[in-house]
Amino acid sequence: MMRCIITTEGFGEMVFELYPEHAPLTVKNFEDTAKSGFYDGLAWCRIVKDYVIQAGSPDNDIMTDSDWHIKGEFEENGVSNPIPHIRGAISMARDDGYNTAGTQFFVVHQDAHKLDGRYAAFGQMVSGFDVLDRIAALPTHGAETWNRPVEMPVMSSVRIE
C-alpha cells in the first residue's frame, strides 16, 4: 500500500492512501514531485471552506502553471477512474484543458461529486481530518482572489511511503 503524509506547520499531519491502480500516471507524477522535495515549503494557496484546499503552485499563486503536464485520468478524458470526490479525497488541479495537471493538487473538504469524472482523484485521506477542518476554516481574501488565505499555511513536508 502506498501512502502520502502531508505535514503542515502548526497544524499536523494528513495521511492518504494512494491508488495507483486507478490513476497510475497521476500517482507516479505526484510521487516523483513529492520525492524531489518540490512541495516542501509550499503553502495551501487556495482555501474554500466546505469545498477544497489547494496547494502545489511553484510560487503559491494558483494561476502559476507547472513546467510539465500529465494526461488527466478521469472519465471526461476517456479514462475510467472510480475514486469519488468525497471528503478527504486528494485530486489533481488543472485548468480548462483535460491534460493540464502538473504539480497543483487539492483535498476535498466536503463531498464534491460535481468533480467526479472531471478531475483525477488519486487517493483518500485515512487520518488527519481535524487538520483538514482547521486549514479549511482559515480566513481568506475571498472569491475575487481565488480564496487566497490571509496567512498561508505551509507544508513542511510531503512524504511518500
Item to check | Given Val52, Asp133, Val48, Ile47, the one that forms side-chain contact (heavy atoms from CB on, under 4.5 Å) with His109 | outcome: Asp133
Can you tell me how far the [atom1] atom of [X] sits from the [atom2] atom of [Y], to the nearest 0.5 Å?
| X | Y | atom1 | atom2 | value |
| --- | --- | --- | --- | --- |
| Arg87 | Asp111 | CZ | CG | 9.0 Å |
| Phe74 | Ile83 | CZ | CD1 | 13.5 Å |
| Asn60 | Met155 | CG | CE | 8.0 Å |
| Leu132 | Gln110 | CG | CD | 8.0 Å |
| Ile90 | Phe16 | CD1 | CZ | 4.5 Å |
| Thr100 | Gln104 | OG1 | CD | 10.0 Å |

Item to check | Tyr98 and Glu76: CA distance, side-chain angles, deciding distance, side-chain contact (heavy atoms from CB on, under 4.5 Å) verdict | outcome: CA-CA 8 Å; Tyr98 286 166; Glu76 279 187 10; 3.0 Å; yes
So does [Y] get a backbone contact from the side chain of [X], meaning a donor-acceptor N/O pair under 3.5 Å?
| X | Y | value |
| --- | --- | --- |
| Thr64 | Ser57 | no |
| Tyr19 | Asn81 | no |
| Ser91 | Ala121 | yes |
| Asn77 | Lys71 | no |
| Thr7 | Gly12 | no |
| Ser66 | Trp68 | yes |

Item to check | Steps toward side-chain contact (heavy atoms from CB on, under 4.5 Å) verdict (Val154, Leu42) | outcome: CA-CA 6 Å; Val154 174; Leu42 293 181; over 6 Å; no
For [X] and [Y], which heavy atoms make the closest approach, and how far apart are they?
| X | Y | result |
| --- | --- | --- |
| Lys49 | Ala136 | CB-O, 3.4 Å |
| Tyr39 | Gly56 | CE2-CA, 3.7 Å |
| Gln54 | Ala93 | NE2-CB, 3.7 Å |
| Cys45 | Pro149 | O-CD, 3.3 Å |
| Gln124 | Gly88 | NE2-C, 3.4 Å |
| Phe122 | Ala23 | CB-CB, 4.0 Å |

Answer yes or no: is there a side-chain heavy-atom contact under 4.5 Å between [X] and [Y]?
| X | Y | answer |
| --- | --- | --- |
| Met2 | Val27 | yes |
| Met125 | Val107 | yes |
| Ser156 | Thr8 | no |

Are [X] and [Y] joined in one hydrophobic group, where the rule is that I, L, V, M, F, W and Y side chains link up if heavy atoms are under 4.5 Å apart?
| X | Y | answer |
| --- | --- | --- |
| Ile86 | Tyr119 | no |
| Met92 | Val158 | yes |
| Ile135 | Val126 | no |
| Ile6 | Ile160 | yes |

Checklist entry - Can the positive tip of Lys114 be found less than 6.0 Å from the middle of the six-membered ring of Tyr51, inside 45° of the ring normal? => result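 Yes; both conditions hold, so Lys114 lies above the ring face of Tyr51.
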Checklist entry - Around Glu21, counting heavy atoms of other residues, nucleotides and ligands shown, do more than 12 lie under 6.0 Å from its CD? => result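 Check passes, neighbour count above 12.
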Next on the checklist: With a 6.0 Å cut-off (strictly less than), is the heavy-atom count around CG of Asp67, excluding the residue itself, greater than 12?
Outcome noted: no
Next on the checklist: Pair Met14, Ser127 - check side-chain contact (heavy atoms from CB on, under 4.5 Å), show working.
Outcome noted: CA-CA 6 Å; Met14 291 182 282; Ser127 67; over 6 Å; no
Examine the side chains of [X] and [Y] and answer whether a donor and an acceptor come within less than 3.5 Å of each other.
| X | Y | answer |
| --- | --- | --- |
| His85 | Asp116 | yes |
| Glu73 | Thr26 | yes |
| Trp146 | Asp61 | no |

Checklist entry - How are the rings of Phe105 and Phe30 set relative to one another: parallel (under 30°), tilted (30 to 60°) or perpendicular (over 60°)? => result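 Perpendicular.
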Next on the checklist: Strictly by salt bridge (charged side-chain N to carboxylate O under 4.0 Å, His left out), give each pair with a member in residues 35-47 just once, sequence neighbours left out.
Outcome noted: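 Pairs touching residues 35-47 that pass the test: Glu31-Lys35.
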Item to check | Glu17 vs Arg3, salt bridge (Lys or Arg N to Asp or Glu O under 4.0 Å): CA-CA, chis, key distance, verdict | outcome: CA-CA 5 Å; Glu17 284 186 7; Arg3 288 196 170 204; 3.7 Å; yes
Next on the checklist: Run the side-chain contact (heavy atoms from CB on, under 4.5 Å) test on Glu151 and Leu138 for me, step by step, so that the C-alpha distance in whole Å, both residues' side-chain angles and the decisive distance to 0.1 Å come before the verdict.
Outcome noted: CA-CA 8 Å; Glu151 291 186 35; Leu138 292 173; over 6 Å; no
